[in-house]
Amino acid sequence: MKYLQLAEDLKVSQLAFGCMRISEMEVDELAELIKVALDEGINFFDHADIYGGGKSEELFGEVLKKHPEYREKMIIQTKCAIRRGKVGYFDFSKEHIINSVNQSLKRLQTDHIEILLLHRPDTLMDPKEVADAFQELYDSGKVKYFGVSNMNSMQMELLQSEVKQKLLFNQLQFSPIHAGMVTNGLFVNMKEEQAIDHDGSILEYCRLKKVTIQPWSIMQASWEEGTYLDNPDYQEFNDCLQAYADAYKVSKTAIVIAWILRHPANMQPIFGTTKAKHIQEMCAGCDIELSREDWYEIYIKAIGRILP
Ligand SMILES: NC(=O)c1ccc[n+]([C@@H]2O[C@H](COP(=O)([O-])OP(=O)(O)OC[C@H]3O[C@@H](n4cnc5c(N)ncnc54)[C@H](OP(=O)(O)O)[C@@H]3O)[C@@H](O)[C@H]2O)c1
């Protein structure tokens, strides 16, 4: 496993364990899966208050209670600000951020988390209020580091204009299939629709500001379609991945990981598997270095892209 040194006491594994899909697991089954990840050198676990309606954090907390020795090996990140209910909405109010963290700490059975992310932008945000909330959480020792998710570059700038702590992460959907942030950078100033900048050049912004991008849903085609792996609608892409998998004697998922890590933005992909075998297969991707030509071939074959 490779690691990214993001702050003096923040050394994160290049691959992160996403906890969105764990809520239906048994405690012992999850404990075993976490052990596999820790044994592979994965020290980073991504949560959100809403995963499984709170059950994912709760179950994870049960594992930590049974295995307190795991906690010191872990960097725990959670997210807040998506409100579910009669009407779904986003909430960056100080009261909500602080309450949400307190609830997460209770469910996770820990007195602090290493990282808090704001899950989705709240257009009603007051950056000063967010700054107050972060400061209080930092001063109380409940949260050490902060970041965001699904934000564009100006939203990050706006928040950072008040927030004292550096925003270290932006969690964004990214995979060979969902690569808009790369595509618009390849079609600059052209009339084709690929030139449309949907995110304020977030890829370049994050590189410039040394913000670590955490790609999510790396094996998904979309929510509706599920995974693209072995999906007949993505036959050409699967054939392409298989050819590389055969050449490197690894799985197709390892090639996807290698593809994400080949980008010099130095991203930290978050995987969502609930299977030990899949974790081990993906970890093998950290040791593969694709050439520039390989990288572009996978990008092109993923959805039959063309280059300008
Ligand atoms: N910030 C956000 O808005 C946001 C949104 C969504 C997710 N996330 C984060 O990102 C994490 C990952 O998201 P995700 O679960 O959608 O990602 P994912 O890694 O793309 O997983 C999606 C599906 O792919 C399957 N899969 C993975 N490896 C496979 C393999 N080798 N063969 C066959 N199927 C395989 C998994 O099933 P198996 O269990 O069968 O392997 C899983 O159901 C989440 O847990 C969460 O932490 C963040």
Side-chain angles (χ1 to χ4, degrees), residues 12-13 15-25 29-30 32-34 36-37 40 42 44-52 55-57 59-60 74-84 88 90 104 108 113 115-122 147-152 155 169-179 181 199 202 211-232 234 237-238 241-242 245 250-260 267-285 302:
V12 307
S13 51
L15 290 192
F17 184 125
C19 296
M20 186 177 72
R21 297 178 194 268
I22 63 169
S23 62
E24 302 298 321
M25 296 178 80
E29 191 191 359
L30 177 61
E32 244 170 73
L33 191 68
I34 290 173
V36 168
E40 288 288 336
I42 292 165
F44 199 100
F45 295 81
D46 178 64
H47 282 272
D49 53 356
I50 56 166
Y51 291 163
K55 279 198 190 144
S56 296
E57 288 184 337
L59 190 67
F60 201 89
M74 285 179 172
I75 292 166
I76 299 181
Q77 169 175 279
T78 196
K79 305 188 278 300
C80 71
I82 297 182
R83 302 270 289 216
R84 295 254 161 91
F90 309 115
S104 288
L108 288 163
I113 47 169
I115 303 151
L116 176 70
L117 306 187
L118 298 172
H119 207 154
R120 278 200 174 273
D122 171 15
V148 298
S149 174
N150 303 306
M151 278 202 192
N152 68 29
Q155 288 167 331
F169 301 93
N170 191 357
Q171 200 170 108
L172 295 158
Q173 187 171 6
F174 184 69
S175 71
I177 298 292
H178 189 99
M181 63 172 125
D199 50 49
I202 193 64
V211 173
T212 299
I213 293 176
Q214 296 179 329
W216 57 261
S217 286
I218 55 180
M219 305 296 166
Q220 289 279 85
S222 64
W223 279 113
E224 300 74 34
E225 296 167 290
T227 182
Y228 51 74
L229 295 164
D230 301 326
N231 180 336
Y234 294 87
F237 180 39
N238 274 279
L241 288 177
Q242 191 60 57
V250 292
S251 68
K252 289 191 283 188
T253 52
I255 299 300
V256 173
I257 295 294
W259 183 85
I260 294 172
M267 301 184 200
Q268 186 193 27
I270 307 179
F271 60 76
T273 187
T274 49
K275 304 204 169 71
K277 181 172 169 273
H278 291 169
I279 294 181
Q280 287 158 337
E281 284 174 358
M282 279 185 275
C283 287

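Keep in mind it's a predicted model, so treat the numbers as computed, not measured. One-based numbering, in listed order, for ligands and for the atoms of each.
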Q) What about the rings of Phe271 and Phe17, do their centers lie closer together than 6.0 Å? A) yes
Q: Collect the protein residues that have a non-hydrogen atom under 4.0 Å from ligand 1 and hand them over in chain and number order.
A: Gly18, Cys19, Met20, Arg21, Asp46, Tyr51, Lys79, His119, Ser149, Asn150, Gln171, Trp216, Ser217, Ile218, Met219, Gln220, Leu229, Thr253, Ile270, Phe271, Gly272, Thr273, Thr274, Lys275, His278, Glu281
Q) For the atom pair CG (Leu118) and CZ (Phe169), what is the distance rounded to the nearest 0.5 Å? A) 13.5 Å
Q: If the plane angle is over 60° it's perpendicular, under 30° parallel, otherwise tilted; pick one for Phe60 and His47.
A: perpendicular
Q: Begin with the C-alpha distance, continue with both residues' side-chain angles, and end with the deciding distance and a verdict on side chain to side chain donor-acceptor pair (under 3.5 Å) for Gln173 and Ser217.
A: CA-CA 6 Å; Gln173 187 171 6; Ser217 286; 4.9 Å; no
Q.
Within this structure, what is the CD1-SG distance for the pair Ile76 and Cys19, rounded to the nearest 0.5 Å?
A. 8.5 Å
(Q) According to salt bridge (Lys or Arg N to Asp or Glu O under 4.0 Å), does anything in residues 268-278 pair up with another residue at least two apart or in another chain? List the pairs. (A) Lys277-Glu281
